[in-house]
Amino acid sequence: MSEHLPGFRDFYPDDLARRNHLFAILREVAVRFDFREFDAPVLEPLDLYLEKSGEEIATQLFHFTDQGGREVALRPELTPSLARLVADKAESLKKPIKWFHLGEHFRYERPQKGRLRSFFQFNADLIGEASPSADAELIALLVSLLEECGLHSEIFQVRLSDRITWSLFLEDRKVPQEKRSDLLDVIDKSSRRDPEATLEALETLLPGEGKAFLDAVDELKSIDTLEGITERLHSFSQSEEDEAARRAEDWKVLINRLESLGCIDAITIDLGIVRGLAYYTGFVYEAFETSGESRALAGGGRYDHLISKLSGGSSDLPASGFALGDVTLADCLEANGLLPEIDVGPDLYLIAGGQDERVVALQDSSRLRKAGYAVTYPLREQGFGKQFREAGKSGAVFALVYGEEELAAGKVKVKDLTSGAEKSVESGSLIEELLAIEEAGGLAVES
RNA sequence: GCGAUAGUAGCUCAGUUGGUUAGAGCACCGGCUUGUGGUGCCGGGGGUCGCGGGUUCGAAUCCCGUCUAUCGCCCCA
């Protein structure tokens, strides 16, 4: 039955109106935070993605060989393209770079709730600033985006974590360097896996120490206050100026900024968030519905070495950013009754009695359209009753009636389709009259 | 890629232990209606019952396969 490819969507006008409405909100909020919109190609060299993520990623890409023999792929994410844009002009771009992007992405994966093969993603990145103030700005933007879509902190929370804190934890426990990335992976999964499986995985990596390690991990994950984090980090410290002490200071700066920016209510400290990706280097976060079940609304974090890696070392800039997907966002809004029905009706619906009246109505439609009104009229000859019915169903704000009487008197009858009230106006001053009526908030019913 | 459940009109669904020409509401189109709609009345179009095969005198109904969707696993940039 399905006419589109699996994981792809058709957007009928009502659907697209809703999508555009949401996108307009996202764009507007991003601009308020002084982020600039950019774009990049949808189709990129396959290598761009293999370099970042390895060969295995190819099975999850839409990729093919083009007629020129080039291996190409539809973009599954934006970061590699962004890194190229930034690296190419790293010298001349004013720092910090605050850019955002809203576009379609493609991943060849099993479609599920909240995850399709084609989806739109809002990306925001802040490049060239390594301090936690940049992370705070991004998180504040994320919270604002969700709030302006109608959500609030009782519906969603941004779970905040830090990979450096985890590294210091591993360091403190004297875990060999080569096992750290695997352990972070196990820790990342531990929140959505049953404890037995986690214990088993830990025991494999650290024979004999699995249980003790798991207890220590759970203890760290249970911390949900700045004081708790600070205390724990100082327990890793050897001196007042080592990395653990500096990280405690970073946490303090970040949390204080988030407080000042007014979004602390939407933040939960939760070290259970690690994010699977190896390239994250600092604070990481994911936005979730508090109701629990659904997948992350958004996710992001700091990736200080990625631009260097993707640019082949030609430029090295600290960076941080997040992505917000349209599928989970729309699901969340719908579940909370916040998906608006967008009215796509015209401003004016013209109703004409006969041939002569129609000529005048069409002439007016031309004037009105040039003046900026969305104008429509029935394409076929129809009776008044029928035309009024159509006018009502069209969603138009006003009907303009061109009948025999109006034509003879050089007038047009304006009908407010919401209130049902009518007013005859001089044909020559129609636009002025319409403006006055709109100014007054419509035509009132005579009492 | 692996398991589980489902699939009947554009949408939501009904369809008796297998039995004539598969129905309803909403939506859509037309008429009543060349001067008043969204909210009246009458009528109409629209289905290879997801697709393919099998069992049977006969299949929307039972069996197998397949596709798609949903849920769980893997993954989640």
Side-chain angles (χ1 to χ4, degrees), chain A residues 1-10 12 14-15 44 48-54 56-61 73-83 105-117 119 121 123 185 188-189 192-194 197 273-280 284 286 293-296 298-301 303 306 310 321-323 325 327-328 331 343 345 349 351-358 378 380-407 413-422 424:
Chain A
M1 273 299 261
S2 196
E3 292 168 20
H4 46 66
L5 290 167
F8 285 72
R9 291 169 287 178
D10 290 324
Y12 288 86
D14 285 348
D15 305 321
E44 292 275 14
L48 185 63
Y49 304 111
L50 301 187
E51 279 165 24
K52 176 185 160 203
S53 309
E56 330 78 67
I57 200 75
T59 64
Q60 307 196 50
L61 295 175
L74 288 169
R75 66 181 175 206
E77 60 166 324
L78 194 72
T79 309
S81 306
L82 168 65
H105 299 266
F106 307 87
R107 295 180 188 173
Y108 194 86
E109 297 180 293
R110 164 80 88 207
Q112 285 175 34
K113 186 161 190 67
R115 183 213 273 177
L116 301 173
R117 286 180 172 180
F119 55 94
Q121 229 178 35
N123 274 265
D185 194 47
D188 179 45
K189 290 186 167 99
R192 49 181 186 269
R193 206 146 73 165
D194 72 272
I273 302 293
V274 181
R275 309 221 82 204
L277 296 172
Y279 63 72
Y280 284 112
V284 290
E286 292 184 351
E293 299 308 309
S294 93
R295 60 180 61 241
Y303 52 95
L306 190 64
L310 286 172
F322 67 84
V327 182
T328 43
D331 284 352
D343 192 355
Y349 193 102
I351 292 174
Q355 293 286 349
D356 297 342
E357 291 84 359
R358 173 175 298 270
R380 286 188 285 180
E381 297 279 346
Q382 285 173 325
F384 272 98
K386 182 72 177 172
Q387 294 187 65
F388 274 102
R389 183 195 290 262
E390 293 300 325
K393 285 201 289 191
S394 75
V397 184
F398 298 106
L400 299 186
V401 184
Y402 295 82
E404 219 173 324
E405 297 163 24
E406 285 80 8
L407 203 59
K413 191 185 279 176
V414 179
K415 173 163 181 160
D416 183 326
L417 289 166
T418 308
S419 67
E422 300 180 335
S424 270

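Distances shorter than 4.0 Å separate none of the side-chain N or O atoms of A/K113 from OP1 or OP2 on B/rG72. Between A/R358 and B/rU34 there is no side-chain N or O to OP1 or OP2 distance below 4.0 Å. In terms of phosphate contacts, A/R275 brings a side-chain nitrogen or oxygen within less than 4.0 Å of OP1 or OP2 of B/rA77. Taking side-chain N and O atoms only, A/K386 has a distance below 4.0 Å to OP1 or OP2 of B/rG30.
Checking B/rG35, B/rA77, B/rC76 against every side-chain atom of A/P76, the shortest atom distance belongs to B/rA77. Among B/rG35, B/rC75, B/rG31, the nucleotide with an atom closest to any side-chain atom of A/R389 is B/rG31. The side chain of A/E77 has B/rA77 as its nearest neighbour among B/rC29, B/rG37, B/rA77. Among B/rA69, B/rG35, B/rA77, the nucleotide with an atom closest to any side-chain atom of A/P111 is B/rA69. Here the side chain of A/V401 is nearest to one of B/rG35, B/rA77, B/rC29, namely B/rG35. Nearest to the side-chain atoms of A/P6 among the listed nucleotides B/rC74, B/rA77, B/rA69 stands B/rA69.
Distance check on atom C1': B/rU8 versus B/rC49 gives 4 Å, rounded to whole Å. The same atom, C1', is picked in B/rG7 and in B/rC51; the two are 11 Å apart, to the nearest Å. Remark: the separation of the C1' atoms in B/rU33 and B/rG40 is 12 Å, to the nearest Å. A gap of 14 Å separates the C1' atoms of B/rC13 and B/rA60, to the nearest Å. Distance noted for atom P between B/rC42 and B/rC26: 12 Å (whole Å). Between the C1' atoms of B/rC62 and B/rU56, the separation comes to 10 Å (whole Å).
Counting to the nearest Å, the P atom of B/rA69 and the CD atom of A/E109 are 14 Å from each other. Put simply, CD on A/E390 is 11 Å from C1' on B/rG38, counting in whole angstrom units. To the nearest angstrom, C1' of B/rA77 lies 13 Å from CG of A/L50. Atom pair A/R107:CZ and B/rC74:C1' shows a separation of 16 Å (rounding to whole Å applied). For the pair A/Q112 CD and B/rC2 P, the computed distance is 14 Å after rounding to whole Å.
Pair check for B/rC73 finds B/rG1; Watson-Crick or G-U wobble, both atom distances under 3.5 Å. B/rG45 is unpaired under the criterion used here, namely a Watson-Crick or G-U wobble arrangement in which both key atom distances are under 3.5 Å. B/rG65 is paired with B/rC51 under the criterion used here, namely a Watson-Crick or G-U wobble arrangement in which both key atom distances are under 3.5 Å. If you check B/rG19 for Watson-Crick or wobble pairing at under 3.5 angstrom, you find it paired to B/rC57. B/rC11 and B/rG25 make up a base pair, with Watson-Crick or G-U wobble contacts both under 3.5 Å.
Judged purely by atom type and a 3.5 angstrom limit, A/E406 uses its side chain to pair as donor or acceptor with the backbone of A/G403. Of the possible polar contacts, none joining the A/R107 side chain to the A/Q60 backbone as a donor-acceptor pair under 3.5 Å is found. Using modelled atom types, one side-chain atom of A/E357 and one backbone atom of A/G354 make a donor-acceptor pair closer than 3.5 Å.
No contact: A/L78 has no heavy atom under 4.0 Å from any strand. Within 4.0 Å (heavy atoms only), A/Q355 reaches no atom of the nucleic acid at all. In this structure, A/G383 reaches the sugar-phosphate backbone alone: every heavy-atom distance under 4.0 Å involves primed, P, OP1 or OP2 atoms, never a base. The residue A/Q387 sits apart from the nucleic acid: no heavy atom pair falls under 4.0 Å. Nucleic acid contact for A/G420: base, since at least one base atom lies under 4.0 Å from a heavy atom of the residue. Across all strands shown, A/G321 has no heavy atoms under 4.0 Å from either base or sugar-phosphate atoms. A/E381 comes within 4.0 angstrom of nothing in the nucleic acid, heavy atoms only. A/I351 comes within 4.0 angstrom of no nucleic acid atom, judged by non-hydrogen atoms across all strands.
Counting heavy atoms of neighbouring residues, nucleotides and ligands inside a 6.0 Å radius, atom CD of A/E381 exceeds 12 of them. Heavy-atom contacts from other residues, nucleotides or ligands closer than 6.0 Å to OH of A/Y108 number 12 or fewer.
The aromatic ring of A/F388 does not sit over the base of B/rG37; the criterion of centres under 5.5 Å apart with planes under 30° is not met.
Checked for salt-bridge contact, A/E44 and A/R75 miss the test: no charged N lies under 4.0 Å from a carboxylate O.
Ring geometry for A/F119 versus A/H105: interplanar angle under 30°, hence parallel rather than tilted (30 to 60°).
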